[in-house]
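Here is the structure we will look at, set down as structure tokens.
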Amino acid sequence: MTDRLTQLQDAVDQLAVQFYSAIHYLSTHHDFVPLDGSAKVSDPQLQPDDPAVFESAKAELARDIMVKTRQIDLLIASLPGAGVTEQDQLQRVQRLETELELAEQERLRWLMRRKELLAKCDSIILQLTKSKNDISSA
Amino acid sequence: MDSSLSSAFPPPPSAYSSFVTGVPRPPPPPLPGPRYRSFGMTWDTTDALPPLSAAGIKELFTTSADPADPSYRVSELSALTKSLLIKYLELLGLMSTAPELFPPLVEDIRTILLNMHHLLNEYRPHQARESLILMMEDQLDRKLAQTEASKQACQHMEHVLSSLALPADPAASTELENSSSLVGASSHHTRSSDTAASARRADMRVWAALSSQL
């Protein structure tokens, strides 16, 4: 997953592409309207869509643009840490750094204790097997 | 251009003459200032985001008085989004009446888009710090969880060891054993039955402790 800033920049780019494709569709699929008394013009490079199809496509393009805009608005509103200043952030980082150091010391302390206890268990097991051997050999 | 199109292989990059062997040719002098050349382009070594005006683009947003406060970007961004839509509507209207007049409107839309991207890029250091904070919090949580797990494992082991009621210090117990074996070397037979009994007792305790854990 990308971060929100990249998501937002991608959404803005997609909106621009949608702008382009909407205009492209309108200019390549529209029908002609005959002027009074003249025949309807036609263009061999242009295949007009059926009026109903054209209308629904237009509505869909407009709806897509609005959805994308809403998405952009939402992403803008959820930009991380919008109300936090740089000083706040740096102070927070420093505090976390000392906390991390303390946590690391505590962690190592308990790991050492764990190793000690493990060694104790080992020696007890060895002791037991040794005395067992003593008995069986006696 | 023609020769490069008709030849079977593409021509070498234009800088090749600097690297021909046998021809003593000094490399081009380094650029003055904090800049360097790469693939025919010059780059700045200082990693800075130049203002839009440096690229000849109009800045459409007003920065807040306090440069450390990033909150102005949010309102500016939503304002720019709305301007973008309105400009697009204008463009659509224009295209239906006077399509040849489109260039200034497209230029406006381009400027707005560039401004939005610039504002977001300005936001990146802020976002990087925010991500760093999240990662550090994660790390702290992991460390604390590990400490807690170690603590519990230690308490567990201490509990098992104490229920065995064996000498807690292995060094002391081996010392004891050594000394007793030195003293009791002659009375080996009488001692072995004691040892067997105490070992059996110890065994029973170990089994009891183990079965209580299972």
Side-chain angles (χ1 to χ4, degrees), chain A residues 3-6 8-9 12-13 15-16 19 22-23 26-27 65-66 69 72-73 76-77 79-90 92-93 96-97 99-100 103-104 106-111 113-114 116-128 130-132 134-135 137-138, chain B residues 66 68-71 73-74 77-78 81 84-85 88 91-92 95 109 113 116-117 120-121 123-127 129-134 136-137 139-140 143-144 146-147 150-151 153-154 157-158 160-161 164 166 168-171 173-174 177 188-189 192-193 195-196 198-200 202-203 206:
Chain A
D3 59 287
R4 289 214 180 115
L5 277 185
T6 312
L8 189 41
Q9 285 185 324
V12 170
D13 286 348
L15 184 63
F19 284 172
I23 289 185
L26 291 179
S27 68
I65 285 176
M66 287 326 290
T69 314
I72 288 173
D73 278 340
I76 289 173
L79 279 176
V84 188
T85 64
E86 187 174 339
Q87 280 87 345
D88 289 347
Q89 287 179 316
L90 291 180
R92 189 114 171 268
V93 167
L96 277 168
E97 218 170 337
E99 271 178 47
L100 271 175
E104 177 66 12
E106 182 81 352
R107 190 178 75 91
L108 287 180
R109 213 164 62 78
W110 281 102
L111 274 184
R113 176 86 184 122
R114 207 171 164 168
E116 275 169 28
L117 283 172
L118 210 65
K120 213 176 268 178
C121 283
D122 277 353
S123 76
I124 286 169
I125 291 168
L126 284 176
Q127 225 174 300
L128 279 171
K130 190 167 154 276
S131 49
K132 236 195 160 100
D134 283 353
I135 299 160
S137 66
Chain B
D66 179 13
D69 177 28
S71 54
R73 295 201 188 104
V74 173
L77 272 173
S78 20
T81 316
L84 189 63
L85 270 187
Y88 183 63
L91 177 67
L92 279 180
M95 291 301 279
I109 288 177
L113 286 172
M116 290 182 84
H117 273 289
L120 288 173
N121 282 333
Y123 210 100
R124 288 213 174 256
H126 191 269
Q127 152 112 357
R129 284 189 291 270
E130 202 68 19
S131 313
L132 178 66
I133 287 173
L134 281 181
M136 286 174 95
E137 278 171 350
Q139 208 175 16
L140 190 61
K143 272 195 207 300
L144 290 179
Q146 213 177 352
T147 307
S150 285
K151 224 185 243 182
C154 285
M157 273 198 269
E158 272 162 357
V160 172
L161 285 178
L164 289 178
L166 281 172
D169 194 343
S173 72
T174 44
E177 205 130 288
H188 182 78
H189 279 288
S192 71
S193 60
T195 323
S198 72
R200 193 159 295 135
D203 242 15
V206 171

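Convention: sequence-line order gives letters A, B, ...; per-chain numbering from 1.
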Which portion of [X] sits near chain B, non-hydrogen atoms under 4.5 angstrom:
X       : value
I72(A)  : side chain
E104(A) : both
L118(A) : both
T6(A)   : both
L26(A)  : side chain

Say you draw a straight line from [atom1] of [X] to [atom2] of [Y]; how long is it, rounded to the nearest 0.5 Å?
X       : Y       : atom1 : atom2 : answer
F19(A)  : L91(B)  : CZ    : CG    : 9.0 Å
M136(B) : E97(A)  : CE    : CD    : 5.0 Å
E137(B) : L100(A) : CD    : CG    : 10.0 Å
L161(B) : L117(A) : CG    : CG    : 6.5 Å
L132(B) : R92(A)  : CG    : CZ    : 10.5 Å
L85(B)  : M66(A)  : CG    : CE    : 5.5 Å

Over all heavy atoms of both residues, which pair between [X] and [Y] is shortest? Give the atoms and the distance, please.
X       : Y       : value
S78(B)  : I76(A)  : N-CD1, 3.9 Å
E106(A) : T147(B) : CG-CG2, 3.5 Å
I65(A)  : Y88(B)  : CD1-CE2, 3.7 Å

Report yes if the side chains of [X] and [Y] come closer than 4.5 Å at any heavy-atom pair, otherwise no.
X       : Y       : value
Q139(B) : L96(A)  : no
L8(A)   : M116(B) : no
M157(B) : R113(A) : no
Q127(B) : L79(A)  : no

Legend entry - R129(B)/D88(A) salt bridge by N-O under 4.0 Å criterion: no
Inset, instruction - Indicate yes or no: does E99(A) engage K143(B) in a salt bridge with an N to O separation below 4.0 Å. - result: no
Legend entry - Side chain / backbone / both / neither for L140(B) at chain A, heavy atoms under 4.5 Å: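 Both parts, backbone and side chain.
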Legend entry - Side chain, backbone, both or neither of I133(B) within contact of chain A (heavy atoms, under 4.5 Å):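 For I133(B), backbone and side chain are both near chain A.
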Legend entry - Best-contacting candidate, V93(A), L15(A), L108(A), against chain B by heavy atom pairs under 4.5 angstrom: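 Highest number of heavy-atom pairs under 4.5 Å: V93(A).
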Legend entry - Check: H126(B) main-chain N/O paired with Q89(A) side-chain donor or acceptor under 3.5 Å: yes
